[in-house]
2 protein chains.
Amino acid sequence: MAAKIPPLLYADTERSADALYFGRVGVPDPFIAFGLRGKKYAVVSALEFGRVRKTSDFDVVLPLEKYLQRARELWPQRKPAAAEVIYLLAKDFRQTRFVVPEDFPAGVFDKLYELGLDVSVADGALFPEREIKTPREAAAIREGNRLSALGFAAAERILRASKIRGRALLHRGQTVTSEMLKFAIEVAILEAGGVSANTIVAGGDQACDPHERGAGPLRPHELIIVDIFPRVTATGYHGDMTRTFLRGRASDAQKKLVAAVRAAQLGAIKMIRTRVNGRAVHLQCVETFKSHGFETKHTAQGSVGFFHGTGHGLGLAVHEPPRMSPTIDYPLKKGSVVTVEPGLYYPGLGGCRIEDVVQVTAARPKLLSDYHYTWEL
Amino acid sequence: MAAKIPPLLYADTERSADALYFGRVGVPDPFIAFGLRGKKYAVVSALEFGRVRKTSDFDVVLPLEKYLQRARELWPQRKPAAAEVIYLLAKDFRQTRFVVPEDFPAGVFDKLYELGLDVSVADGALFPEREIKTPREAAAIREGNRLSALGFAAAERILRASKIRGRALLHRGQTVTSEMLKFAIEVAILEAGGVSANTIVAGGDQACDPHERGAGPLRPHELIIVDIFPRVTATGYHGDMTRTFLRGRASDAQKKLVAAVRAAQLGAIKMIRTRVNGRAVHLQCVETFKSHGFETKHTAQGSVGFFHGTGHGLGLAVHEPPRMSPTIDYPLKKGSVVTVEPGLYYPGLGGCRIEDVVQVTAARPKLLSDYHYTWEL
């Protein structure tokens with residue numbers, strides 16, 4: 001490795017997990033941050049100054065207004081912004097080379113190039129160490145999954161208490177809908193210190209589009225996918241778990257579907273350990289599905305079967321490295337945290353996905369999620 | 001204007017309001033979208049294909065996997081991703097020039113340049129028309145503010161029902177905290193069809209850091225800033241309103257502070273109309289504060305007084321153009337929607353901010369937010 005090029009960020013911490021990882025403080029508007037000679041620097045407006053100084057991991061917090069003022073004096077004809085401030089900082093600190101993350105804004109990147117700075121895009125992650133979770137980070141993810149589990153409990157409670165009336169489910173006289181379950185889930189998670197946005201509660205054929213969030217009445221005897229990926233407010237770390245429920249009586253075909261998904265998941269978890277390739281884990285799920293008689297097909301109208309990756313890294317972002325998918329050749333590392341979430345989707349029959357979270361070790365992976373697998377309610 | 005260069009996006013709709021504006025469909029992972037000869041194109045994975053085809057504004061939805069496969073055949077030594085797919089699309093459509101938004105990922109931008117495409121960054125907004133809100137968009141923002149108002153009502157209910165016991169507020173025997181109020185606010189908003197993240201409920205000196213979200217017990221006789229900016233789930237549009245409350249008895253100094261903020265806000269609203277400069281609106285707030293005897297000071301420990309902008313555009317993003325601030329010389333446009341939120345912050349005395357939302361017209365602005373201004377509860 002060459003001498004380490006200092007990292008440079010310009011992002012808000014809602015959109016950039018790197019920025020949150022680097023400074024350990026939530027900042028809702030984009031701000032400049034960089035590392036230099038072992039110290040972490042942030043440049044923030046008066047609006048953020050006091051709070052960032054008090055509560056962050058930054059060693060030095062600089063006032064944005066001062067630099068904007070200098071930039072206005074230097075370029076009276078321009079409307080100076082982030083790039084001009086970064087240029088001034090580079091001059092002050094005699095550091096003209098920086099490395100930025102892939103999602104660094106192209107507008108700033110392009111201007112820095114024009115201003116003559118030598119800024120390159122990181123090849124892969126800006127902070128590769130983010131992939132390896134410390135015990136503290138694993139605990140924060142476990143807490144996220146505890147919130148997911150509270151969500152399942154809230155949904156399950158309503159489904160169990162609901163009455164089957166023809167094609168409808170009734171709970172306290174009201175039609176049970178995706179929205180009703182999502183509300184119960186999200187309130188349970190809010191109450192426990194997290195936020196769950198975009199929760200998926202999708203029944204029947206809706207569940208066959210894995211990113212369909214679900215809407216309208218839920219039917220008895222249909223598979224209902226519930227996917228909950230909350231963010232823990234105190235830490236910013238996420239949980240991510242999925243269970244598939246059915247209120248009423250499952251058909252033999254539904255039972256076979258669910259059994260195949262659970263078998264694929266157990267097979268994948270058993271296989272995961274340091275240095276095993278994520279693609280191999282995925283391909284084993286594909287084989288399990290084939291051996292259970294479930295084929296995957298891609299048509300002009302969409303796909304059926306198993307057509308998403310087996311898992312992804314989880315942490316400050318819901319989706320982060322590593323991925324376990326057919327196209328990514330990547331050996332798992334000790335300490336990585338990944339979801340394991342095979343699924344099968346057949347319009348007419350329905351969809352099933354079961355998702356847990358594990359931390360990779362040299363032996364059996366550590367399970368960081370905990371909720372039962374009873375699904376026929 | 002030269003012939004319009006086609007827009008190109010690579011973003012998810014959680015992070016990019018442009019992407020949501022363009023396609024009118026929520027997509028949680030980054031995807032390629034572009035406009036060409038009056039048609040809107042999206043390239044999405046099998047995971048999103050069916051849903052995006054069914055529910056979006058895209059005229060043509062293309063399967064990502066097909067292009068990735070072609071890219072792998074063309075560059076067997078690379079790990080093809082977004083840039084390679086965009087390159088293939090550019091060849092297929094014989095279109096090598098594109099314009100991207102400022103927040104387009106630098107990693108993709110840099111690779112496209114290497115691949116020989118002529119991609120430039122938009123000077124300002126990619127879709128300047130996003131700034132001008134249609135009646136339908138204004139109604140969606142009004143709905144967002146209706147959710148904010150439900151939040152205030154929930155907070156106010158608890159504060160009014162709470163008992164003053166020395167330095168504590170008690171509600172049904174429990175200490176009233178920022179967290180308790182935020183929970184009540186967020187549940188009320190969830191129930192009404194929105195999500196309110198990062199809600200601010202900050203009392204006393206906490207409120208003097210305008211982005212401090214607030215934590216711990218709320219005190220009687222202290223100013224409490226409540227800033228609620230929910231997203232309406234069905235449309236993606238936001239509300240953004242702030243009220244400042246006090247449970248108990250306000251001091252004369254607190255009354256003067258609140259009166260000055262409301263006076264500044266009313267003065268600003270009165271002044272807002274087509275072609276008035278946002279900076280002039282801001283400077284008038286500064287003058288109002290001076291005439292009420294409130295000075296702004298910047299020190300090494302932070303700032304006191306009025307040290308943020310008077311307002312910002314609101315829509316699919318909480319913060320979007322135009323800005324009304326001391327450094328931005330920008331005439332307001334008819335149809336723009338802006339917040340009007342002057343504030344004053346003095347540790348020891350406390351903070352006050354009052355925020356409403358208006359749509360710019362040629363005459364009096366249209367108020368898109370509605371909640372009363374009674375603050376001493």
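Residue numbers start from 1 in every chain, and the chains themselves are labelled A, B, ... in the order their sequence lines are given, proteins ahead of strands.
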Evaluate the side-chain proximity of [Y] to [X]: yes if any heavy-atom separation is below 4.5 Å, no if none is.
X	Y	result
B/Lys54	A/Asp209	yes
B/Phe183	A/Val187	yes
B/Leu68	A/Thr327	no
B/Asp29	A/His319	yes

* Specify which of B/Thr233, B/Val195, B/Val121 makes the most heavy-atom pairs with chain A at under 4.5 Å. => B/Val121
Go through the atoms of [X] and report whether side chain, backbone, both or neither lie under 4.5 Å from a heavy atom of chain A.
X	result
B/Asn198	side chain
B/Arg231	neither
B/Phe49	side chain
B/Glu191	both

Rounded to the nearest 0.5 Å, how far does [atom2] of [Y] lie from [atom1] of [X]?
X	Y	atom1	atom2	value
B/Leu47	A/Phe307	CG	CZ	7.0 Å
B/Ser303	A/Glu65	OG	CD	6.5 Å
A/Glu102	B/Lys111	CD	NZ	7.0 Å
B/Leu190	A/Ile185	CG	CD1	11.0 Å

* To do: Using non-hydrogen atoms and a 4.5 Å limit, figure out which bit of A/Glu48 sits close to chain B: side chain, backbone, both or neither.
  => side chain
* **salt bridge (charged side-chain N to carboxylate O under 4.0 Å, His left out) involving B/Glu320 - partner list, sequence neighbours excluded** => B/Arg130, B/Lys133
* Asked: How about A/Gln174: does its CD atom have over 12 heavy atoms from other parts shown lying under 6.0 Å from it?
  -> no
* **Neighbour count above 12 (heavy atom, 6.0 Å) for B/Tyr113 OH** => no
* Partner chain B: residue of A/Glu179, A/Arg53, A/Glu212, A/His308 with the largest heavy-atom pair count (under 4.5 Å) -> A/Glu212
* **Members of residues 7-19 of chain A whose heavy atoms come closer than 4.5 Å to chain B** => A/Glu14, A/Arg15, A/Ser16
* To do: May I ask you to say whether A/Asp329 pairs ionically with B/Lys79, meaning some side-chain N is under 4.0 Å from a carboxylate O?
  => no
